[in-house]
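Here's the structure we're looking at; comments come further down.
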Amino acid sequence: MVRHIVLLKWKPDTTPEQVQASADGFADMRDSIDVVRSMYFGPDLGLMEGTFDYAMVADFDSVEDWHAYRDHPDHIAFFQRFGHLAADVARVQYALDA
């Protein structure tokens, strides 16, 4: 299994409505891209300084499924619609032990 984590730091002028629209976009991808085994996302709780603003964690059965997600038209459309809102993005993929 592959876990994919994305951390976002919003640009200062990003509105709450844009953040909500991006959350709706994550939900749409979770529901429309069949290789997504699970996807969780939400804003940072603000428990400490120096964190990112928003996180998304998704699991896939295989590297091939992650590639299918990465190249899926709905994922590409999500990035085109919301990518400009991020001042910084961190991404990591790692294998989950069975």
Mind listing the side-chain donor-acceptor pairs of residues 73-83 below 3.5 Å, one per line with the distance, residues two or more places apart or on another chain?
from  : atom 1 : to    : atom 2 : distance (Å)
Asp74 : OD2    : Ser32 : OG     : 2.7
His75 : ND1    : Arg70 : O      : 3.1

Residue set satisfying salt bridge (charged side-chain N to carboxylate O under 4.0 Å, His left out) with Asp61, at least two apart, ordered chain then number -> Arg37
Given side chains that start at C-beta, do those of Phe60 and Val36 come closer than 4.5 Å, heavy atoms only? yes
Practice prompt. Measure the shortest side-chain to side-chain distance between Tyr69 and Met39 over non-hydrogen atoms and say whether it is less than 4.5 angstrom.
Written response: yes
Problem - Shared hydrophobic cluster, Val89 / Val92 (ILVMFWY, side-chain heavy atoms < 4.5 Å) - result: no
Distance col, row Ile33:CD1 vs Asp65:CG, nearest 0.5 angstrom, shows 11.5 Å
Side-chain atoms of residues 4-11: list all donor-acceptor pairs with protein atoms under 3.5 Å, sequence neighbours left out, distances to 0.1 Å.
from  : atom 1 : to    : atom 2 : distance (Å)
His4  : ND1    : Trp66 : NE1    : 3.3
His4  : ND1    : Gln93 : NE2    : 3.0
Lys9  : NZ     : Thr51 : O      : 2.8
Lys11 : NZ     : His84 : O      : 2.8

All heavy atoms of Thr14 vs all of Val19, minimum pair found to be CG2-CG2, 3.8 Å
Closest heavy-atom pair, Asp59 versus Leu96, reported as atoms and distance to 0.1 Å, is OD1-CD1, 4.0 Å
